[in-house]
Amino acid sequence: MAKNRDAYYFKNFIECAQASCQAGAMLKEVLQNFKPEELPERLDELHKIENSADMKKHEMLDRLAKEFIPPIEREDIVALSQRIDDITDKIEDVLLRVYMNNVQTIEPEALEMTEVVIQCCEKVTNLLEEFADFRHSKNLKNLVIEINDLEEKSDRLFMDSMRKLHTECTDPLHIIAWREIYIYLERCADACEHAADIVESVVMKNS
């Protein structure tokens with residue numbers, strides 16, 4: 001019975017990470033097949049994914065408040081659930097900036113960065129699947145490293161995109177809009193790395 005109770009938390013982590021994968025896939029689809037007039041509707045769709053993940057997080061935290069002995073320290077459960085939630089939030093933030101800045105066409109660099117975000121989300125999901133059995137997992141450390149590598153790739157794409165934006169573009173409004181969007185895309189990868197850092201920290205504390 002205790003093991004089944006413990007499994008609930010790890011399952012919730014995975015489901016919330018899967019929501020970030022859904023959000024990332026939707027962001028990519030919207031940017032690839034960009035139709036500005038459809039943005040309000042697509043934002044509503046993306047917000048439903050974000051809200052569903054929020055509900056899962058709150059459900060888990062409500063349960064945690066009543067739990068006698070959780071599988072890992074309470075503060076680690078809270079921190080990890082928040083970090084996973086941040087990923088989906090940041091993805092939604094990207095599309096919000098596309099909408100608020102009245103973007104009419106998508107820069108190819110944004111698609112490259114979005115692809116890395118999707119890879120990061122998938123790796124975080126894989127990591128959390130391994131996390132359920134972290135005391136015996138042989139692949140968990142490699143997944144953390146892969147997420148770190150993807151975050152570094154995102155950093156490089158961010159720097160290159162910003163450099164191109166400021167050296168090749170003369171429209172100040174275009175620069176302001178895309179500077180903000182690139183910043184938020186880079187934050188998505190950062191959020192994935194932060195979630196991986198929490199997992200790594202928990203493993204270290206329980207080794």
Side-chain angles (χ1 to χ4, degrees), residues 2-25 27 49-50 52-94 113-158 184-207:
K3 287 186 177 180
N4 288 336
R5 285 203 309 270
D6 291 352
Y8 166 81
Y9 293 96
F10 296 106
K11 182 173 182 287
N12 191 288
F13 291 145
I14 294 167
E15 289 174 348
C16 289
Q18 288 170 339
S20 73
C21 291
Q22 292 176 331
L27 177 64
I49 295 173
E50 187 276 332
S52 174
D54 261 350
M55 295 299 293
K56 287 183 183 297
K57 180 188 75 171
H58 291 307
E59 176 189 286
M60 180 173 64
L61 295 180
D62 287 344
R63 179 163 176 164
L64 179 63
K66 303 168 188 173
E67 192 74 75
F68 183 56
I69 304 176
I72 57 177
E73 293 182 22
R74 292 177 194 277
E75 57 266 33
D76 289 327
I77 292 175
V78 173
L80 181 55
S81 65
Q82 184 57 57
R83 291 303 190 187
I84 298 168
D85 189 59
D86 285 345
I87 302 170
T88 309
D89 286 346
K90 295 294 186 291
I91 292 171
E92 183 182 24
D93 284 342
V94 173
M113 293 183 73
T114 300
E115 192 61 49
V116 175
V117 169
I118 289 171
Q119 292 172 28
C120 283
C121 291
E122 290 170 349
K123 291 297 180 183
V124 169
T125 302
N126 296 155
L127 177 69
L128 293 166
E129 289 167 349
E130 289 287 320
F131 186 45
D133 191 30
F134 67 87
R135 289 183 177 87
H136 304 102
S137 173
K138 295 180 179 179
N139 197 35
L140 196 145
K141 183 178 180 180
N142 288 335
L143 285 165
V144 171
I145 292 170
E146 287 176 20
I147 292 166
N148 291 340
D149 289 345
L150 284 167
E151 193 279 330
E152 288 182 9
K153 182 177 180 180
S154 177
D155 281 346
R156 291 193 297 272
L157 286 171
F158 172 71
Y184 275 87
L185 276 166
E186 202 273 333
R187 286 178 182 173
C188 295
D190 283 347
C192 291
E193 185 179 49
H194 293 158
D197 288 343
I198 297 287
V199 170
E200 189 173 34
S201 173
V202 172
V203 173
M204 291 297 291
K205 286 195 289 187
N206 289 274
S207 295

Separation between [atom1] of [X] and [atom2] of [Y], rounded to the nearest 0.5 Å:
X	Y	atom1	atom2	answer
Asp62	Met55	CG	CE	9.0 Å
Leu80	Asp85	CG	CG	11.0 Å
Ile14	Leu127	CD1	CG	10.0 Å
Ile198	Asp76	CD1	CG	7.0 Å
Asp89	Arg83	CG	CZ	12.0 Å
Ser52	Lys56	OG	NZ	5.5 Å

Do [X] and [Y] have side chains that get closer than 4.5 Å, going by heavy atoms?
X	Y	value
Cys192	Leu150	no
Lys141	Val144	no
Ser81	Asn12	no
Ser20	Ile84	no
Val199	Phe13	no
Gln119	Glu115	yes
Cys188	Leu27	no

Please check if atom NZ in Lys123 has more than 12 non-hydrogen atoms from other residues, nucleotides or ligands closer than 6.0 Å.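 For Lys123, atom NZ is not crowded (no more than 12 foreign heavy atoms under 6.0 Å).
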Exceeds 12 heavy-atom contacts within 6.0 angstrom, atom NZ of Lys138: no
Can you name the closest pair of heavy atoms from [X] and [Y] and give their distance?
X	Y	result
Ile87	Cys121	CG2-SG, 3.7 Å
Phe134	Ile72	CE2-CG2, 4.1 Å
Ala19	Ile49	O-CG2, 3.4 Å
Gly24	Thr114	O-CG2, 4.3 Å
Arg74	Phe68	NH2-O, 3.2 Å

Regarding Asp86 and Gln82, do their side chains bring together a donor and an acceptor under 3.5 Å, going by distance alone? yes
Classify the angle between the aromatic ring planes of Phe131 and Phe10 as parallel (below 30°), tilted (30 to 60°) or perpendicular (above 60°).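 The arrangement is perpendicular - the two ring planes meet at more than 60°.
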Is there a donor-acceptor contact under 3.5 Å from the side chain of Arg63 to the main chain of Tyr9? no
Between the side chain of Arg187 and the main-chain N/O of Lys90, is any donor-acceptor distance below 3.5 Å? no
When you look at Asn126 and Glu130, which way does the side chain to side chain contact (heavy atoms under 4.5 Å, CB included) test go after all the steps? CA-CA 6 Å; Asn126 296 155; Glu130 289 287 320; 5.9 Å; no
Given Val116 and Leu185, is the side chain to side chain contact (heavy atoms under 4.5 Å, CB included) satisfied, shown in steps? CA-CA 9 Å; Val116 175; Leu185 276 166; over 6 Å; no
Among Gln22, Glu50, Gln18, which residue satisfies the side-chain contact (heavy atoms from CB on, under 4.5 Å) criterion with Thr88? Glu50
